[in-house]
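Read the structure below first, then the notes.
Please read these numbers as outputs of a predicted model, since none were measured by experiment. This chain uses plain numbering: 1 for the first residue, then up along the sequence. All ligand and atom numbering here is 1-based and tracks the order in the structure.
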Amino acid sequence: MVKKIRCAYCEIPEIRERAIVRNELAWAFPTNIPVVPGHVLIAPVRCVALFEDLTEDEKKAIFSLRDQLKVALTKVFQAEGFNYAWNEGKLAGQSVPHFHLHILPRKDGDAGITEYEPRKFLYRPGSREETPESELRAVSKLIQKELS
Ligand SMILES: [Zn+2]
């Protein structure tokens, strides 16, 4: 019988062995399906799914690796910009239930090779007309109500 994998990052040794850099609480490794060259992931050592499951120290550890990787990725891939993202929940595309921050070094022309287009991930793909100011203010008010 084939063992069912709950978390690829914890249970597949090849992924841990792929580590680029680590500190006490987090480690970084290249994703097996990069959307641009140099696409890496940073994950906490502890297996937790959501950002709010992370301790303050784990968040610091993750952002510390981000700082280091930004410098290295800029040199190695001549990055001119970066995308940082995490998917939360199955519906949002989180395929591994272990928090991971995506880091994508970007440079002019890479979209042609990878077809990576951030706008395709937005809630309103296709037409990119500006939303009327009144609608944006209504959205602000709705969210503010829950914050107060
Ligand atoms: Zn895990």
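Environment of CD in Glu52: crowded, with over 12 heavy atoms of neighbouring residues, nucleotides or ligands closer than 6.0 Å.
Under the side chain to side chain contact (heavy atoms under 4.5 Å, CB included) rule, Phe29 has a single partner from Glu14, Arg18, Arg22, which is Arg18.
Here the side chain of His100 pairs no donor or acceptor atom with the backbone of Ala28 at under 3.5 angstrom. Under the 3.5 Å distance criterion, the side-chain polar atoms of Thr74 are matched with a main-chain donor or acceptor of Lys70.
The two residues Ala61 and Leu25 make their nearest non-hydrogen contact at CB-CB, 3.7 Å.
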Can you list, pair by pair, the side-chain donor-acceptor contacts under 3.5 Å of residues 31-43, counting residues two or more places apart and other chains?
{"from": "Thr31", "atom 1": "OG1", "to": "Ile33", "atom 2": "N", "distance (Å)": "3.3"}
{"from": "His39", "atom 1": "ND1", "to": "Val35", "atom 2": "N", "distance (Å)": "3.1"}
{"from": "His39", "atom 1": "NE2", "to": "His102", "atom 2": "ND1", "distance (Å)": "2.8"}

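For the Zn ion (ligand 1), protein N, O or S atoms closer than 2.8 Å were enumerated as Cys7 SG, Cys10 SG, Cys47 SG, His98 ND1, with waters left out.
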